[in-house]
Asks: 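I'd like to ask you about the structure that follows.
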Amino acid sequence: MLYTIIDVETTGRSNQITEISIFKYDGRQIVDEYTTLVNPQTEIPDYITALTGIDNAMVAHAPTFEEVAQAILDITEDTVFVAHNVNFDYNVIRNEFKAIGIDFRRKKLCTVRLSRKLLPGHKSYSLGKLCKALHITITDRHRAKGDAEATVVLFEILLNQENAETVFNDFLKKSSKEATLPSQLPTAVFNAIPNAAGVYYFKDKKGKIIYIGKAKDLKKRVLSHFYSKTKKSLELCRETKDIDFELSGSELVALLMEDAAIKHHYPKFNQAAKRKTKQYGVFSFEDRNGVLHLAYNTIKTTPNALKIFQSIRECRAYLESICLQYNLCPKYCHLQEGVTQCSHYSIKTCKGICKEEESAAGYNARVTAVIDAINNTTESKVIKEQGRIPSEEAFILIKDGTYLGYGFIDKEEVIQSEEELADFLIQQKDNLDIQKILRPHL
């Protein structure tokens, strides 16, 4: 069997290749080699130059990836792609090929995962520390050729280990996840994840949670991160050393658990969920003529909001429906600004308060009815969901319009009142994201 042992240097976050080194190895000796600088056609950050020594001047006259692509295809053809943390190097090269319209696919092996299996017991499996422990000399650390040469020596050691043939064959099977899983993640950790609904937690080498997600099928969803070729997924996989999970029984409970966990831990890779959205509130006030208005503004500038929304569009849609239902004036609901009389294209039910054809008292009575209706729409409700095991049920408790949390109850348990649920309730905080999740179920 032929192997190509590969290392790339890149521009960092944008992951354009600045240097690539490939050694073709037949199991006994190196039979071919290809090393070149690559012009990434973008600026190399200073911190990358400090790490690798490769600067913009060095690659200014180097070939572009498109110009070296054929040489890479030729030397790697009919070989197994080998690298230390193979998913990084493989996906960087595959993305470069994709950018020029070529679908690059090779069987692959990871020397990190092979080392964990065949050389257990090391404190660290980074290339530098592993080579130091095994007395492998690295020249030009963090340069493609130096790192690739060291990986060749490491690969040779791995090939000569007891049971190496069996391990290599197992790793190369199509059904094997070894080449897909993050290099630092033990296979046993992934195998322990069930095909069930719940929340999963990606952790780094220090045990810190760096990403939280939810899924109807935990194992399937977690695996999808490892197949993803986005820059965020590649970075996430590189930092993942452990994965924990909690079962939820249903996707709805998983959503609630995920929201609470993200707001508690604020993981670095949950950027979208951490973004604060601008919220808007509907409020009322009385003008100098004694007429009650309904209006909307941002939460920060809204005194005693009657109802809160995620966008101006939602606020306006709600006020339009209120206008129609209660025969209110679009002008006094601030759906029309800068007009003396209302002339809303779709709401023609105003009884004339803006034309002084209706008394303020009569109009205000209907606005007051709206305010009372908003204040009285709060309700108590128990939403039943599937439990984590067949003999269990899950529930979500809303009391007086406020989400209190969720819980799990054995199906044989007899519950006769809302108060009896308290012993099983996992208390949670209500927020606008939770309200958005629960809205379709209420």
Side-chain angles (χ1 to χ4, degrees), residues 3-25 30-77 79 81-102 104 106 108 110-112 124-132 136-155 183 229-235 237-239:
Y3 306 93
T4 39
I5 298 162
I6 301 170
D7 188 78
V8 298
E9 301 303 329
T10 73
T11 54
R13 285 193 173 273
S14 59
N15 277 346
Q16 267 78 50
I17 294 174
T18 58
E19 187 176 40
I20 183 167
S21 186
I22 305 172
F23 289 88
K24 185 181 277 190
Y25 183 76
I30 295 167
V31 296
D32 199 1
E33 181 208 338
Y34 180 75
T35 299
T36 182
L37 287 167
V38 179
N39 186 342
Q41 298 178 293
T42 187
E43 291 292 308
I44 300 173
D46 290 341
Y47 75 94
I48 293 294
T49 297
L51 178 69
T52 66
I54 301 171
D55 60 23
N56 294 306
M58 285 175 64
V59 299
H61 301 292
T64 63
F65 183 83
E66 188 168 8
E67 290 170 329
V68 302
Q70 191 58 52
I72 296 170
L73 288 171
D74 291 343
I75 196 171
T76 61
E77 189 175 6
T79 70
F81 187 113
V82 181
H84 205 72
N85 189 7
V86 72
N87 285 330
F88 175 75
D89 298 83
Y90 182 81
N91 288 324
V92 165
I93 292 173
R94 192 157 187 258
N95 285 338
E96 291 275 23
F97 273 111
K98 186 178 179 182
I100 59 173
I102 297 173
F104 179 82
R106 299 288 186 267
K108 53 184 176 169
C110 179
T111 51
V112 177
S124 172
Y125 286 87
S126 69
L127 185 61
K129 290 183 179 178
L130 193 57
C131 285
K132 185 178 180 180
I136 299 170
T137 302
I138 305 181
T139 56
D140 289 333
R141 181 75 173 107
H142 296 302
R143 287 297 297 269
K145 186 173 182 178
D147 287 354
E149 280 181 321
T151 307
V152 170
V153 179
L154 172 61
F155 191 68
S183 60
K229 303 300 182 290
T230 64
K231 289 171 188 173
K232 176 185 171 183
S233 292
L234 291 175
E235 288 177 24
C237 291
R238 286 183 77 182
E239 294 189 33

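Below, each value reflects all heavy atoms present in this structure, side chains not excepted, and no hydrogens, waters or symmetry copies.
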Asks: In this structure, are over 12 heavy atoms from other groups packed under 6.0 Å from Asp74 atom CG?
Replies: yes

Asks: In the structure I gave you, are the side-chain heavy atoms of Asn87 and Cys237 within less than 4.5 Å of one another anywhere?
Replies: no

Asks: Are side-chain heavy atoms of Asn95 and Leu234 found at a separation under 4.5 Å?
Replies: yes

Asks: With a 4.5 Å cut-off on side-chain heavy atoms, are Ile48 and Thr11 touching?
Replies: no

Asks: Is the backbone of Ile100 close enough, under 3.5 Å, to the side chain of Glu66 for a donor and an acceptor to pair up by distance?
Replies: no

Asks: I need the minimum non-hydrogen distance between Phe104 and Arg94, along with the two atoms involved.
Replies: O-NE, 2.8 Å

Asks: Do you know which two heavy atoms are closest between Tyr47 and Gly12, and how far apart they sit?
Replies: OH-CA, 3.8 Å

Asks: With a 3.5 Å distance limit and no angle check, can you tell me whether Glu67 reaches the backbone of Thr64 through a side-chain donor-acceptor pair?
Replies: yes

Asks: Could you tell me the separation between the CD1 atom of Ile93 and the CZ atom of Phe65, rounded to the nearest 0.5 Å?
Replies: 6.5 Å

Asks: Out of curiosity, Ile22 CD1 to Ile6 CD1, how far, rounded to the nearest 0.5 Å?
Replies: 4.5 Å

Asks: Where is the tightest heavy-atom contact between Ser183 and Asn85, given as atom of each residue plus distance?
Replies: OG-OD1, 3.3 Å

Asks: For His84 versus Leu130, what's the shortest heavy-atom pair and its separation?
Replies: CE1-CD2, 4.1 Å

Asks: Nearest 0.5 angstrom please: Glu149 CD to Ser21 OG, how far?
Replies: 7.0 Å

Asks: Look up atom CD in Glu33 and atom CD1 in Ile75, then write down how far apart they are to the nearest 0.5 Å.
Replies: 8.0 Å

Asks: Given the rule in the side-chain contact (heavy atoms from CB on, under 4.5 Å) test, do Ile102 and Leu73 qualify, once you have shown the distances and angles that lead to the verdict?
Replies: CA-CA 10 Å; Ile102 297 173; Leu73 288 171; 4.2 Å; yes

Asks: Considering non-hydrogen atoms only, spot the tightest contact between Ala148 and Ile5 and give its length.
Replies: O-CG2, 3.9 Å

Asks: Counting distance only, does the side-chain N/O of Thr111 pair as donor-acceptor with the main-chain N or O of Ala83 below 3.5 Å?
Replies: yes

Asks: Nearest 0.5 angstrom please: Thr18 OG1 to Glu9 CD, how far?
Replies: 6.0 Å

Asks: For the pair Arg141 and Asp147, evaluate side-chain contact (heavy atoms from CB on, under 4.5 Å) and give the outcome as yes or no after the intermediate values.
Replies: CA-CA 6 Å; Arg141 181 75 173 107; Asp147 287 354; 3.1 Å; yes

Asks: Quick one: list whatever passes salt bridge (Lys or Arg N to Asp or Glu O under 4.0 Å) with Arg238, sequence neighbours left out.
Replies: none

Asks: In terms of the angle between their ring planes, are Tyr25 and Tyr3 parallel, tilted or perpendicular, with boundaries placed at 30° and 60°?
Replies: tilted

Asks: Less than 4.5 Å apart, side chain to side chain, heavy atoms only: is that true for Thr151 and Phe23?
Replies: no

Asks: Does the side chain of Ile44 reach to within under 4.5 Å of the side chain of Val59, using non-hydrogen atoms?
Replies: yes

Asks: For Thr76 versus Arg106, what's the shortest heavy-atom pair and its separation?
Replies: O-NE, 3.0 Å

Asks: So, the side chain of Thr10 versus the backbone of Gln16: is there a donor-acceptor pair under 3.5 Å, distance only?
Replies: no

Asks: To the nearest 0.5 Å, tell me how far Asp89 CG sits from Asn15 CG.
Replies: 10.0 Å

